[in-house]
Amino acid sequence: MDKVKEFLKDNLTTEDYDKLTAVDNPKMHTFVADAIELCRPDSVFVCTDSTEDIAYIADLAIKNGEEKKLAIPGHTIHFDGYYDQARDKSRTKFLLPAGSDLGASLGSIEKSAGVEEVRALFKEAMAGKELLVCFYCLGPTDSVFSIPCIQITDSPYVAHSEFILYRTGYEQFKKIGKSEEFFRFLHSEGELDERKVSKNIDGRRIYIDLEEELVYSLNTQYAGNTIGLKKPALRLGIHRASKKGWLCEHMFVLGAHGPGGRVTYFTGAFPSACGKTSTAMLTGQTIIGDDIAYFRKINGKVHSVNVEKGIFGIIRDVNPKDDPIIYDALTKPCEVIFSNVMYDDKLKPYWLGMGIEPPDEGINHSGPWRKGNKDADGNEISVSHRNARYCLNIVDLQNRDQRIDDPQGVPVGGFIYGGRDSDTWVPIEEAFNWTEGIIGKGASIESETTAATLGKEGVRKFNLMSNLDFLSIPLGRYIRNNLDFIEAVETPPKIFSVNYFLKDKNGKYLNGMADKKVWIMWAELRVNGDADAIETPTGLIPKHKDLEKLFKEHLDQQYSRDDYVRQFTIRIPETLSKLDRIENIYKQDVPDTPQIVFDTIAELRKRLKEAQNKYGDYISPFDLENK
Ligand code: SPV
Ligand code: MN
């Protein structure tokens, strides 16, 4: 018997040892043995795909106090520390060998120093705890898209969340034999305080080794930092995709149901808290996924899968009117983990914008809470955190798409890029072609910041493909990969920009929350050649007559010409300023920007200026329609 197996035999129960070694993968065994030696847990549990093993993890989360049962069967609540409520960008770093460089915007640390630092923090970090060894699969199992993953963690909350969010992977691991191609994640929540939340926030680290496809995460519980398969794996996925010629995007996958029963699949990228999940959840449509998608070319077509099988969604403003399907799942017996909402003495959860008045006291992310309580910085503590979440299985949603687990994925008709933009982009516009779509839409996303990352809200930030936080390759190469991806694709997906957040001069939103459905249904018609469009300097926008019909059909609303003009006026000065900002970012901060980015921006600017000379600063869509 080799040394690693001997070590494992000495440190695992016979049952766990047998489970682990039934998967005959030396690299995986070495990873587990090293984690045990480093973190020194009291015990080890190896989790297979069996329901008993998975139930053991969920029970452990209750036993150790990281989750608490709520009144509705299957529902639990979890809290993260008061200052551990979002992704920590500043302490998320790539471990880079000396001499390599990803560009200034991607945080990194020299690899040997970083590994030494983080391993020192992991030393004996699991004393008194159980180390959990869990196997998952990114993408559907038994598919060209599948990526097996191993997660080691001392947090049953993290492992439990992953069993909701990802397909199981123990059997998948058996199938890959001795292959070394899998992602590895090592997590420890570190010391917990009496509320069972990570205590040493200063020691929070998320360190990513791209070459090894290995991520260390520590002293944090917030899922965006700890759930290896979510944002850590998104970074590994982008890196691997770039090497192998596919795409890994921060995108939902939605089935839009058009006339005659046809289904057209869209994928969409929006920065956090900008309407991504609610677009993926549009009524009357079907959902494949709401966060991360892989893309491959299959038989000359672009196909996509949901990397996940569950949703870790923002719960703020989820109410029966705006999000009826999610609200239904959050109020019926099924598996749900709520995080950072409030519960009362009847074990009922409450959150901001749920459509009913919450009680004046309960337990929330700050501990025992009363309306009006202030935190240490003097800020009033809201009933739930603005980035509070729910975690649930997509199978528990009425609107799941039938092809959710299709190993071939689904063919993609359109890409949608959106952001929180109060004054520039129209509600929807189709790009003239793939190149203009990738550059003028995806690579030009700016969005006003939200509560999903630490820092000030409401500041306009560049966020190409809403993937900036997760890029693990130089920005220019990432754009190039997107541009080149449709080589040899007969009909590339159409590319659309959307903007749900336009405001008038008084700061009032120009659109209702429900309007997004009309924009997506218009895109569905466009992909299938069933609607005309008006040419603008930057793309193609809907005609009033088509929107009028769609508003009537889908929302039972009149859509006036005035509303249309207010929303679809082309704002030349704002669009030109935006182009300047975007061009400057690429000029100053992205040394490997492909020349075509500058050429395309120059072309867009030329067309905008020509239109400005002809029509003035603000162009009504009717002027363009009648030209
Ligand atoms: C996002 O913020 O993009 C999310 C949630 O999907 S998190 O896991 O924090 O990334
Ligand atoms: Mn996301």
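For this chain, numbers begin at 1 and follow the sequence in order. As the structure lists them, so they are numbered: ligands from 1, and atoms in each ligand from 1.
- Centred on the Mn ion (ligand 2), the OD1 atom of D291 and the NE2 atom of H250 lie at an angle of 90°, reported to 10°.
- For ligand 1 and H250, the ligand atoms under 4.0 Å from any heavy atom of the residue are 3 (O).
- Taking N399 as the reference, M281, I287, I325, L397 meet the side-chain contact (heavy atoms from CB on, under 4.5 Å) condition, with sequence neighbours excluded.
- Enclosure of atom NZ in K332 by more than 12 non-hydrogen atoms of other residues, nucleotides or ligands within 6.0 angstrom is indicated.
- Within ligand 1, the atoms closer than 4.0 Å to a non-hydrogen atom of D291 are 6 (O), numbered from 1 in the order shown.
- Under a 4.0 angstrom heavy-atom cut-off, R389 registers as being in contact with ligand 1.
- A salt bridge is absent between K199 and D193: the closest approach of a Lys/Arg side-chain nitrogen to an acidic carboxylate oxygen does not fall below 4.0 angstrom.
- The option from F270, Y222, F312 that lies nearest to atom 9 (O) of ligand 1, judged by heavy atoms, is Y222.
- Among E308, K276, K231, the residue whose heavy atom lies nearest to atom 10 (O) of ligand 1 is K231.
- At least one N/O/S atom of K231, from backbone or side chain, sits under 2.8 Å from the Mn ion (ligand 2).
- For ligand 1, the atoms closer than 4.0 angstrom to any heavy atom of K230 are 8 (O).
- Close approach of ligand 1 to S272 (heavy-atom distance below 4.0 Å) involves ligand atoms 1 (C), 2 (O), 3 (O).
- For D290 and K276, the salt-bridge test fails: no basic side-chain N is under 4.0 Å from an acidic carboxylate O.
- Remark: of the listed residues N467, L464, D589, L464 is the sole one forming a side-chain contact (heavy atoms from CB on, under 4.5 Å) with L475.
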Derivation of the side chain to side chain contact (heavy atoms under 4.5 Å, CB included) call for R235 and T92: CA-CA 11 Å; R235 297 168 175 104; T92 301; 3.7 Å; yes
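- Interface of G224 with ligand 1, defined as ligand atoms under 4.0 Å from a residue heavy atom, comprises 7 (S), 8 (O), 9 (O).
- Heavy-atom contacts from other residues, nucleotides or ligands closer than 6.0 Å to NZ of K321 number 12 or fewer.
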